[in-house]
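Single-structure report; data block below.
Order of appearance sets the numbers: ligands from 1, and atoms from 1 within every ligand.
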Amino acid sequence: MTVFKDIPVIPYEGPESKNPLAFKYYDKDRVICGKKMSEHLPFAMAWWHNLCAAGTDMFGRDTADKSFGAPEKGTMEHAKAKVDAGFEFMEKLGIEYFCFHDVDLVPEADDINVTNQRLDEISDYILEKMKGTNIRCLWGTANMFSNPRFMNGAGSTNSVDVYTFAAAQIKKALDLTVKLGGRGYVFWGGREGYETLLNTDVKFEQENIANLMHMAVDYGRSIGFTGDFYIEPKPKEPMKHQYDFDAATAIGFLRQYGLDKDFKMNIEANHATLAGHTFQHDLRISAINGMLGSIDANQGDTLLGWDTDEFPFDVYEATKCMYEVLKNGGLTGGFNFDSKNRRPSYTAEDMFYAFILGMDTFALGLIKAAELIEDGRIDAFIEERYSSWNSELGQKIRRHETTLEELAAHAAELGNAKLPGSGRQEYLESIFNSVLFK
Ligand code: XLS
Ligand code: CA
Ligand code: CA
């Protein structure tokens, strides 16, 4: 039985097409910079937004029907109906990956032993579904923020017992990730932070988080997980202050606690903007530190101070993202649509329209980023901008072979420095536009 019976397999029809159920830019076999689009863009479906969330917000209940034919939600029958719907959805769109939290897959029971039995059952069911498809897990994670026991955090909790539940959930989520062929494992520290320093020992909490991550790495490697662990930075929401504020902070944390060999970043666009950065900024910071692992593809609304998780529509941002990804030589992870339909977009077609929009936006971003690189003017400008460093003195400084005295003597000899070359921002922005709209 199909859930989306009125929706066909989504074809590529090109930019002229007016068919809402067709790709305009995502042409999976088109080769760009020597690789197929589908290889550049390993897209993933987020179980939680696509199969679980149904439009409930702080002020109102569900608008969408996500029962997928199951008589009662919150049952194992419903959990299986979500698997069936999810696989049909991914196959129709040509999406080859999914991401999940443990409790997206099954209803959580009061007793963790029961939840774990349910997780075994559903993962067997998913494994069966995966047979004969190219679909597999991009990354898994444990939801360590919804259950009330995590009100004060998971790795950062004040309670030893709660800490053991975080450990138990991570252990199980790692088992599931390996079982389902996951490329990565995510730590998003939603409640790892604080509301007030009046009740918080930050150093103690951070050491405990690092310890938990070390145990996760040890366990993951012991069961054959060879992928990357990721930290997904976010500065706030739900906590007032979250420890993984942004990429720079998270990378510093990983280095401080000796976790940097096993971890990379999973950068979410909307989290970067909440941190007061651009999406491109956090991608660049990750990339230059060798830690750009995976991407949560969405966008926020700069007029709002919270995480709106909108489907990506902004081609400028997607182009800048793909520029970073191409320069990085690709991702070991993928592009997870951690994005949700707007509450009034509640029909099954809307679910497809949203993914078509997101996939087309990134495909267009890829096409344009490749054109920008091929155009070469931006790269050439940057090279020229730093060209004074090619001088003998510049090279000596770069090799750490100078002293302040020597440089001061050089400055004294000059008496005054010429102004550095123009930054040419407007010139460069107009190149960007000319490539985008040619
Ligand atoms: C919430 C996060 C979350 C992570 C996975 O803001 O984006 O969904 O991606 O726990
Ligand atoms: Ca988010
Ligand atoms: Ca996310």
Side-chain angles (χ1 to χ4, degrees), residues 43-53 56-58 97-105 108 137-147 150 153-156 166 169-170 172-174 176-177 182-193 209 212-213 216 228-247 250 263-277 279 282-283 286 292-302 304-312 317 321 331 333-342 354 358 362:
F43 289 126
M45 176 194 76
W47 214 269
W48 54 102
H49 280 316
N50 207 47
L51 304 176
C52 307
T56 291
D57 70 10
M58 306 262 261
Y97 295 92
F98 58 86
C99 297
F100 70 89
H101 302 86
D102 45 4
V103 300
D104 300 335
L105 302 180
E108 194 177 8
C137 171
L138 181 66
W139 52 256
T141 189
N143 178 326
M144 304 192 298
F145 46 89
S146 294
N147 192 299
F150 296 122
S156 62
Q169 278 188 240
I170 293 168
K172 191 69 186 174
L174 273 165
L176 297 172
T177 302
R183 282 190 178 191
Y185 183 88
V186 161
F187 281 85
W188 170 63
R191 296 204 191 267
E192 312 291 31
I209 295 170
L212 191 58
M213 288 178 173
D228 288 319
F229 289 85
Y230 303 119
I231 282 188
E232 183 183 321
K234 187 178 184 183
K236 58 187 169 187
E237 195 200 12
M239 280 318 224
K240 171 181 151 178
H241 184 99
Q242 284 165 207
Y243 294 140
D244 303 322
F245 192 91
D246 59 2
F263 274 76
K264 289 192 166 76
M265 294 294 114
N266 178 41
I267 297 298
E268 178 174 318
N270 202 168
H271 296 180
T273 51
L274 281 176
H277 301 310
F279 182 22
D282 256 19
L283 294 170
S286 305
L292 178 52
S294 203
I295 286 176
D296 268 14
N298 65 13
Q299 72 180 49
D301 186 322
T302 48
L304 302 176
W306 63 90
D307 195 13
T308 57
D309 287 343
E310 293 169 41
F311 274 89
E317 290 302 311
C321 167
L331 298 176
F335 296 81
N336 167 43
F337 287 112
D338 193 353
S339 312
K340 61 181 181 227
N341 281 99
R342 298 305 85 194
F362 271 84

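Using a 4.5 Å cut-off on side-chain heavy atoms (C-beta onward), Ser156 and Glu192 make contact. Counting only heavy atoms from C-beta outward, the side chains of Lys234 and Asp307 approach each other to under 4.5 Å. Considering only heavy atoms from C-beta on, Phe100 comes within 4.5 Å of Thr177 through its side chain. Contact check for Met265 versus Asp282: no side-chain heavy atoms found under the 4.5 Å cut-off. Contact of the Val103 side chain with the Ser146 side chain is not registered, since no non-hydrogen atoms from C-beta on lie closer than 4.5 Å.
Counting heavy atoms under 4.0 Å from ligand 1, residue Asn266 does not touch it at all. The part of Asp307 lying near ligand 1 is the side chain, judged by heavy-atom distances below 4.0 Å.
In the vicinity of Trp48, heavy-atom distances shorter than 4.0 Å reach the ligand 1 atoms 8 (O). Less than 4.0 angstrom separates some heavy atom of Asp296 from each of these atoms of ligand 1: 9 (O). Atom numbering of ligand 1 starts at 1 in the shown order; those under 4.0 Å from a heavy atom of Glu268 are 7 (O).
Distances under 3.0 Å from the Ca ion (ligand 3) pick out the protein N/O/S atoms Glu232 OE2, Glu268 OE1, Asp296 OD2, Asp338 OD2.
Look at His271 and you'll find a heavy atom under 4.0 Å from some atom of ligand 1.
Protein heavy atom nearest atom 8 (O) of ligand 1, with residue, atom name and distance: Asp338 OD2, 3.2 Å. For atom 10 (O) of ligand 1, the closest non-hydrogen atom on the protein side is His101 NE2, 2.6 Å. When only non-hydrogen protein atoms are considered, atom 9 (O) of ligand 1 lies nearest to Glu232 OE1, 2.6 Å.
Using bins of under 30°, 30° to 60° and over 60° for the plane-to-plane angle, the ring pair Phe337/Phe362 lands in the perpendicular bin. Using a 30° and 60° split on the angle between ring planes, His101 and Phe145 fall in the perpendicular class, above 60°.
Using a 3.5 Å distance cut-off with no hydrogens or angles, the side chains of Trp48 and Asp338 do pair a donor with an acceptor. A side-chain donor from one of Asn298 and Asp309 sits under 3.5 Å from a side-chain acceptor of the other. Asn336 and Asp296 are linked by a side-chain donor-acceptor pair at a separation below 3.5 angstrom, with hydrogens and angles left out of the test.
The Ca ion (ligand 2) sits nearest to atom OD2 when only the N, O or S atoms of Asp307 are considered.
Under the 3.5 Å distance criterion, the side-chain polar atoms of His277 are left unmatched by any main-chain donor or acceptor of Ala272.
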